[in-house]
Amino acid sequence: MHLYESNPIKIYNSLTGEKEVFKPINAGHVGMYVCGPTVYSKVHLGNVRTFMSFDMVFRYLKHLGYKVRYVRNITDAGHLENDADAGEDKITKKARLEQIEPMEVVQRYTVDFHNILNIFNFLPPSIEPTATGHIIEQIELISAIIENGFAYEVNGSVYFDVHKFNDTHTYGKLSKRKLEDLIHNTRVLDGQSDKRNPQDFALWKKAEPQHIMRWPSPWSDGFPGWHLECTAMSTKYLGEQFDIHGGGMDLKFPHHECEIAQNEAAKGKSPVNYWMHANMLELNGQRMSKSTGNTVNPDELLSGNNPFFSKAFAPGVIRFFTAQSSYRSVLDLTDDGVLASEKGFYRLMDGMGLLNSTKVSRTSTLDVAAWRLKCYAAMNDDFNTPILISHLFEAVKYLNQIKENKASITAKDLEVLKTTMHAFVYDVLGLENSAETNSGNDKLAGAVELLIKLRQEARANKDFALSDQIRDELAEVGIQLKDSKDGTTFSLS
RNA sequence: GGCGUCGUGGCCGAGUGGCUUAGGCACAGGUCUGCAAAACCUGCUACAGCGGUUCGAUUCCGCUCGACGCCUCCA
């Protein structure tokens with residue numbers, strides 16, 4: 001018996017615009033693909049939010065007992081600089097600016113990407129394939145599309161024939177666009193004279209002499225178009241049809257639309273059953289943009305070394321802040337917002353600490369079994385983490401009430417409460433209890449316990465000057481003492 | 001201009017055709033405390049505007065205003 005059998009989940013499917021009951025193609029197994037980063041610069045904080053959302057989805061599916069194959073690619077071939085398809089790709093450009101090899105850029109920022117995700121306690125995906133490692137698969141895909149009559153070659157480059165495709169298929173079904181609208185609204189750019197129509201997109205580009213990243217193909221020495229890699233890699237590792245495809249909202253068009261078209265053109269099948277899109281992250285109500293300076297890197301956010309935030313934040317605080325809003329909502333990153341989340345986060349973590357010291361009774365004043373079901377119900381409803389968190393706070397309040405002798409819990413219920421909270425806080429939300437980790441540090445705990453003991457003696461002697469000095473100076477280094485009837489505990493913030 | 005998402009109380013953010021409330025932060029009063037902090041109890045401001053459907057709408061529909069995303073590099 002797996003948890004997923006008693007927990008049918010509903011997923012908002014961008015393709016249909018509705019919440020649908022999730023049914024995997026193979027019972028008990030989930031195939032999930034998420035478009036990964038282009039590794040030409042430090043990972044964008046908004047990108048981190050997107051991946052954090054899907055990390056949570058991955059974690060919950062695993063928690064329910066699904067065997068999940070989670071594929072998240074590394075784009076190391078570089079997207080073209082603009083839709084004219086004539087420019088350099090981003091990685092080549094960066095390499096030229098930094099005067100290093102393109103693969104050196106790729107290596108540097110791939111390492112940076114992994115470092116950042118590790119700091120934020122991400123689970124590694126099952127497979128993390130690279131675009132450059134799948135050139136052969138991409139060439140095969142192009143050949144199939146040409147064979148089926150949906151692509152044409154011009155001067156060594158191959159383009160997807162959107163108009164021809166749309167005669168027998170529907171181009172724009174995901175983004176709800178109509179080809180005729182696109183025709184009226186597509187700006188004519190320079191350098192796309194090879195295309196039959198402006199809406200066509202490149203599957204293969206012949207490399208200009210100065211283009212460093214290039215591979216041989218039946219059409220020319222060149223490089224693959226920027227929508228192709230995800231189709232090639234998702235097909236290779238998840239099959240021609242799979243369960244979930246995720247990515248940032250901004251990728252819906254054209255990237256994901258083109259993925260659908262490529263798959264249908266090559267394999268005759270729509271590749272994905274559930275399309276999920278994570279919404280955008282804003283900074284102080286504005287979109288993050290490198291050009292306007294309204295941007296902050298993940299490491300700058302964590303170090304406090306930035307002009308937007310009043311202090312440094314622990315990675316768990318940022319994860320908690322993210323989980324307090326729905327993955328489908330625009331999230332506004334502000335100093336006030338993160339500060340508020342920080343307090344809530346530590347309140348939750350203090351509650352987690354109580355799980356080990358709570359006294360049990362003969363009766364429970366809370367229906368713990370019903371509470372547990374509410375937690376699952378929240379997550380089953382399109383991964384509603386804000387509602388889950390509200391239930392977690394209900395449990396924290398309950399634990400505090402027990403401590404105040406205003407509520408009680410049985411040993412059996414406490415075990416359920418503990419197991420459930422651990423599952424959701426640590427396993428599903430991916431939060432780490434810095435307080436618990438630190439109190440596991442025996443040397444620190446021993447030193448603080450000694451100071452607590454000395455302070456107790458001072459208080460017993462009514463030497464309040466000394467006792468307050470101990471309390472205040474510990475507070476200055478981030479150790480907060482908490483007095484209660486049962487003695488004094490401490491927490492780190 | 002086209003397509004899409006959205007507009008909730010001091011702030012952040014869920015949710016719903018009427019039922020008793022999201023939750024966090026902030027604020028006020030109280031309990032506890034040597035004093036604080038923490039915790040607990042109580043209170044406090046809501047559903048952009050205008051119409052429509054309905055016995056009844058914050059929730060459904062239409063319009064207006066506004067925000068954001070995509071349509072062009074940015075996740």
Side-chain angles (χ1 to χ4, degrees), chain A residues 14 17 35-38 40-41 43-51 79-84 87 90 93 172 174-178 180-187 189 199 247-255 257 277-282 285-292 295 320-321 324-326 328-348 350-351 354 378 381 384-394 396-397 399-407 459-460 462-464 467-468 471-472 475 480-485 488-491:
Chain A
S14 302
C35 295
T38 304
Y40 70 105
S41 67
V43 61
H44 192 284
L45 195 58
N47 218 168
V48 172
R49 190 229 175 164
T50 298
F51 298 142
H79 293 170
L80 294 162
E81 270 292 282
N82 59 53
D83 203 38
K90 291 175 192 167
K93 184 180 182 185
L174 177 65
S175 56
K176 315 281 191 288
R177 280 157 217 256
K178 293 195 176 94
E180 54 188 87
D181 293 336
L182 290 170
I183 293 167
H184 293 308
N185 290 301
T186 302
R187 189 188 295 179
L189 297 161
Q199 294 75 38
M249 194 78 98
D250 52 336
L251 295 181
K252 202 193 256 187
F253 188 90
H255 183 57
E257 202 68 76
H277 289 95
N279 220 133
M280 301 290 105
L281 181 70
E282 296 178 353
Q286 303 283 128
R287 89 159 297 177
M288 288 203 196
S289 161
K290 285 170 197 167
S291 57
T292 61
T295 186
F320 182 74
F321 174 77
Q324 273 190 305
S325 79
S326 159
R328 286 200 288 131
S329 299
V330 173
L331 179 59
D332 190 13
L333 191 66
T334 63
D335 194 41
D336 287 346
V338 183
L339 284 170
S341 285
E342 184 181 44
K343 295 202 174 177
F345 172 72
Y346 287 117
R347 182 170 143 83
L348 176 63
D350 285 347
L354 289 176
D381 182 17
N384 196 331
T385 50
I387 292 293
L388 169 68
I389 287 173
S390 79
H391 296 323
L392 294 175
F393 275 112
E394 192 186 336
V396 169
K397 189 171 186 173
L399 288 164
N400 280 321
Q401 285 172 335
I402 295 168
K403 196 180 171 192
E404 301 265 320
N405 294 319
K406 288 177 177 170
R459 290 175 76 194
K462 301 217 186 285
D463 185 355
F464 297 123
S467 74
D468 288 355
R471 181 179 71 200
D472 296 343
Q480 190 193 42
L481 299 187
K482 294 175 182 176
D483 295 329
S484 75
K485 289 166 193 143
T488 302
T489 57
F490 71 97
S491 68

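Order of the sequence lines fixes the chain letters, A, B, ..., with proteins taken first and strands second; residue numbering starts at 1 for each chain.
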> So which nucleotide from B:G4, B:A36, B:G69 ends up closest to the side chain of A:R177?
Replying inline: B:G69
> Base, sugar-phosphate, or nothing for A:K176, non-hydrogen atoms under 4.0 angstrom?
Replying inline: sugar-phosphate
>> What is the separation between atom CG on A:D381 and atom C1' on B:A14, rounded to the nearest whole Å?
In response: 11 Å
> Once you round it to whole Å, what is the distance between C1' of B:G13 and CG of A:D332?
Replying inline: 11 Å
>> So A:L281, base contact, sugar-phosphate only, or nothing? Heavy-atom distance under 4.0 Å.
In response: base
>> Does A:K176 have more than 12 heavy atoms from other residues, nucleotides or ligands lying within 6.0 Å of its NZ?
In response: yes
>> Taking the basic N atoms (NZ, or NE/NH1/NH2) and the acidic carboxylate oxygens, is any pair closer than 4.0 Å for A:D250 and A:R287?
In response: no
>> By nearest atom, which of the nucleotides B:C71, B:U5, B:C35 is closest to the A:F253 side chain?
In response: B:C71
> Out of B:A39, B:C12, B:A22, which has the shortest distance to the side chain of A:I387?
Replying inline: B:A22
>> I'd like to check the side chain to side chain contact (heavy atoms under 4.5 Å, CB included) partners of A:A378; sequence neighbours left out, ordered by chain and number.
In response: A:I387, A:L388, A:H391
> In whole angstrom, what separates A:D350's CG from B:A39's P?
Replying inline: 7 Å
> In which ranges does RNA chain B form stems of 3 or more consecutive Watson-Crick or G-U pairs, distances under 3.5 Å?
Replying inline: B:1-7 with B:65-71, B:10-12 with B:23-25, B:27-31 with B:39-43, B:48-52 with B:60-64
>> Can you tell me if A:R459 touches the phosphate of B:C35, counting only side-chain N or O atoms and a distance under 4.0 Å to OP1 or OP2?
In response: no
>> Output the rounded distance in Å from NZ (A:K178) to P (B:G2).
In response: 13 Å
>> Quick check for you: among B:A38, B:C3, B:A75, whose closest atom lies nearest to any side-chain atom of A:H44?
In response: B:A75
> Which pair of heavy atoms, one from A:K252 and one from A:S175, lies closest together, and at what distance?
Replying inline: CD-CA, 4.1 Å
> Could you give the CZ-to-C1' distance, from A:R49 to B:G69, as a whole number of Å?
Replying inline: 13 Å
> Between B:C40, B:A14, B:A37, which nucleotide gets closest to the side-chain atoms of A:S326?
Replying inline: B:A14
>> Heavy atoms from C-beta onward define the side chain here; which of B:A75, B:G34, B:A39 lies closest to that of A:D250?
In response: B:A75
>> So which atom in A:R328 and which in A:N279 form the shortest heavy-atom distance, rounded to 0.1 Å?
In response: O-OD1, 2.8 Å
> Pick the nucleotide of RNA chain B nearest each of A:V330 and A:K252; which residue has the one closer to the 5' end?
Replying inline: A:K252
> Under 4.0 Å between a Lys/Arg side-chain N and an Asp/Glu carboxylate O for A:R347 and A:D350?
Replying inline: no
> For A:E404, which residues count as a salt bridge (charged side-chain N to carboxylate O under 4.0 Å, His left out) partner, sequence neighbours excluded?
Replying inline: none
>> Please report the distance, rounded to the nearest Å, between CG in A:L251 and P in B:C73.
In response: 12 Å
>> Is there a side-chain contact between A:N384 and the phosphate of B:G15, meaning an N or O under 4.0 Å from OP1 or OP2?
In response: yes
>> Checking contacts here: which listed nucleotide (B:C68, B:G4, B:G13) is nearest the side-chain heavy atoms of A:L331?
In response: B:G13
> What integer distance in Å separates A:N400:CG from B:A38:C1'?
Replying inline: 9 Å
>> At less than 3.5 Å, do the side-chain atoms of A:D463 and the base atoms of B:G34 form a donor-acceptor pair?
In response: no
>> If the condition is ring pair (Phe, Tyr, Trp, His ring centres under 6.0 Å), which residues does A:H277 pass it with, not counting sequence neighbours?
In response: A:H256
>> Testing the basics here: between A:P37 and A:N47, what is the closest heavy-atom pair and its distance to 0.1 Å?
In response: CB-OD1, 3.9 Å
> Looking across every strand, which nucleic acid part, if any, lies under 4.0 Å from A:T334 by heavy atom: base, sugar-phosphate, or nothing?
Replying inline: nothing
>> Whether A:Q401 contacts B:C41 is assessed here as follows: a side-chain N or O lying under 4.0 Å from the phosphate OP1 or OP2. Is that the case?
In response: yes
>> For a quick check, tell me whether the side chain of A:R471 and the base of B:C35 share a donor-acceptor pair closer than 3.5 Å.
In response: yes
>> Applying a 4.0 Å non-hydrogen cut-off, can you work out what A:D483 is touching in the nucleic acid: base, sugar-phosphate, or nothing?
In response: base
> Pick the nucleotide of RNA chain B nearest each of A:R328 and A:F321; which residue has the one closer to the 5' end?
Replying inline: A:R328
Look for any protein N or O under 3.5 Å of an N or O in nucleotides 23-29 of chain B and output each such pair with its distance, or none.
| residue | atom | partner | partner atom | Å |
| --- | --- | --- | --- | --- |
| B:A26 | OP1 | A:K343 | NZ | 2.7 |

> Between A:S325 and A:P386, which heavy-atom pair has the shortest distance, and what is it?
Replying inline: C-CG, 3.5 Å
>> In whole Å, I'd like the distance from the CD atom of A:E282 to the P atom of B:A75.
In response: 16 Å
> Mind checking what makes ring pair (Phe, Tyr, Trp, His ring centres under 6.0 Å) contact with A:F320, not counting sequence neighbours?
Replying inline: A:F345
